[in-house]
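Position 1 is the first residue of the sequence, and the numbers go up from there. Whatever order the structure lists them in is the order used to number ligands and atoms, beginning at 1.
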Amino acid sequence: MIEFINVSKIYPGNLVAMDNVNLKFNTGEFICLIGTSGSGKTTCMRMINRMNIPTSGVVKIDGRDISKVNAVDLRRQIGYVIQQIGLMPHMTIYENIVMVPKLLKWPKDKMDKIAADLLDKADMPKSYLDYYPQELSGGQQQRIGVLRALAADQEIILMDEPFGALDPITRETLQQLIKKLQKEMGKTIVFVTHDMDEALQLSDRTVVMDKGKVIQFDTPENILTNPVNEFVRNMVGEDRINQAKFDYDHVEKIMNKNPITIQADKPATDAVRLMHDKRVDTLFVINEDGVLQGHVDFFRIDRKEIKTKKVRDFLNEATYVYSDTKIRDVIYYINDLGYKNMPVVDKESHKLVGLATRASVVEALYDGLWSDYQPEDEDQIDITPHEEEIV
Ligand code: ADP
Ligand code: MG
């Protein structure tokens, strides 16, 4: 665990780079630090391996005040990666990968094993170990660079905008690789970025910084759905916040809460009358406790038999969703799989609590995509001729 306790950093000229920062990162977490340029991200990250010393406050790793730990020993235990350190051209891939383990004087068989394991995890053939960097593509070299960061098997790895200068496609591949390796190997990564998509995609929790202060320290979900203030809202952007509604909000938020229902033991004629009165072609059938049993469909009721039959005689199975289903999934069922509507039931009781319809999905999509839409020329909607024009 990494802890910042009342940590401040003041550079000469009274420049406050960190202002009373308190943070706790758990072992095995992927932490991103994000903020505008100069907000103190790098300063904060570099305190973890004592490349920066707090002006006041304490940094602890696993409960130990790191100012009391030998700096060289500390740095051995912590990996550090900055942007654009390419591979050494005169060294093989193997030599590049085990550069730090070699400095740490690992035995050869241990180095061989980690190099082979890492290539395997990155889906690259072991034969690459004997290649020179220029024999691999640019993208493959970048992947080796990521592997090298993990080769010394340090518990904590600090990364300062490692993918900052790459094209979007290479960056995305490397993001997926680092996230996969971090999870599989259980590393704690502290990753500085100024790219919100990168932070939201990679991190378990993200620290949003401004002017040396921690503004919000939270999961991507909470940052997207509950940004604490205007600064975070602006960092995240309205588009992402609107889109996040589909990923995190539940169908409860958009469903119609009064589906038309009937009980199974009622005469079928009641069902037809109710459909007519309510102008619907489907009724949801519930039992006396409100538990969903299925539905009846106007076009599947045999009119010859209707007088003697009950609702249960025309009962069809209903495909339903639980009330905590993500809006994104409901959109998929209705839009892509073609369900006309989906009854929503409570997970525990199976009681019918609502109905997601095509109309409710359209409304949610509309709000998400067009909530801030304004016609460019407001006069367009004024289509009735003015009186003077009629004359
Ligand atoms: P970020 O990584 O978020 O862009 P930094 O942590 O690098 O921000 O810097 C935070 C502030 O501290 C900036 O105003 C920067 O100019 C200042 N700063 C960083 N390092 C030094 C230094 N060695 N000496 C003086 N000022 C510094
Ligand atoms: Mg920086």
Undergrad: Salt-bridged, R328 to D247, with N to O below 4.0 Å?
TA: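 Between D247 and R328 there is a salt bridge, with a charged N closer than 4.0 Å to a carboxylate O.
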
Undergrad: Which N/O atoms of ligand 1 sit under 3.5 Å from a protein N/O, and at what distances?
TA:
{"unit_1": "ligand 1", "atom_1": "2 (O)", "unit_2": "T42", "atom_2": "N", "d": "3.0"}
{"unit_1": "ligand 1", "atom_1": "2 (O)", "unit_2": "T42", "atom_2": "OG1", "d": "2.8"}
{"unit_1": "ligand 1", "atom_1": "3 (O)", "unit_2": "S39", "atom_2": "N", "d": "3.2"}
{"unit_1": "ligand 1", "atom_1": "3 (O)", "unit_2": "S39", "atom_2": "OG", "d": "3.4"}
{"unit_1": "ligand 1", "atom_1": "3 (O)", "unit_2": "G40", "atom_2": "N", "d": "3.0"}
{"unit_1": "ligand 1", "atom_1": "3 (O)", "unit_2": "K41", "atom_2": "N", "d": "2.9"}
{"unit_1": "ligand 1", "atom_1": "3 (O)", "unit_2": "K41", "atom_2": "NZ", "d": "2.9"}
{"unit_1": "ligand 1", "atom_1": "4 (O)", "unit_2": "G38", "atom_2": "N", "d": "2.7"}
{"unit_1": "ligand 1", "atom_1": "6 (O)", "unit_2": "T43", "atom_2": "N", "d": "2.9"}
{"unit_1": "ligand 1", "atom_1": "6 (O)", "unit_2": "T43", "atom_2": "OG1", "d": "2.5"}
{"unit_1": "ligand 1", "atom_1": "8 (O)", "unit_2": "G40", "atom_2": "N", "d": "3.3"}
{"unit_1": "ligand 1", "atom_1": "20 (N)", "unit_2": "Y11", "atom_2": "OH", "d": "3.3"}

Undergrad: Is R233 paired with E238 through a side-chain N to carboxylate O contact shorter than 4.0 Å?
TA: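 Yes.
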
Undergrad: So M159 and I189, do their side chains get closer than 4.5 Å, heavy atoms only?
TA: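 Of all side-chain heavy-atom pairs linking M159 with I189, at least one is under 4.5 Å.
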
Undergrad: Does K187 come within less than 4.0 Å of D153, counting only side-chain N to carboxylate O?
TA: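 Answer for the salt bridge query: yes.
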
Undergrad: Are the side chain of Q176 and the backbone N or O of T173 linked by a donor-acceptor pair below 3.5 Å?
TA: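 Side chain of Q176 to backbone of T173: no pair is present.
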
Undergrad: Using atom types as modelled and distance alone, determine if a side-chain donor or acceptor of D336 lies under 3.5 Å from a backbone N or O of Y333.
TA: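 The answer is no, because no donor-acceptor pair under 3.5 Å joins these two groups.
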
Undergrad: Taking only Lys NZ, Arg NE, NH1 and NH2, and the carboxylate oxygens of Asp or Glu, determine whether R273 and D277 approach each other closer than 4.0 Å.
TA: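 Between D277 and R273 there is no salt bridge, as every charged N stays at least 4.0 Å from the carboxylate O atoms.
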
Undergrad: Quick check for you: within a radius under 2.8 Å, how many protein N, O or S atoms neighbour the Mg ion (ligand 2)?
TA: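 If we list every protein N, O or S atom nearer than 2.8 Å to the Mg ion (ligand 2), we get 1.
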
Undergrad: Check D160 with K41, please: is the shortest side-chain N to carboxylate O separation under 4.0 Å?
TA: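 No, this pair does not count.
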
Undergrad: What I want to find out is whether K108 reaches D112 closely enough, with some N-O distance under 4.0 Å, to be called a salt bridge.
TA: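 Looking at K108 and D112, the cut-off is met.
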
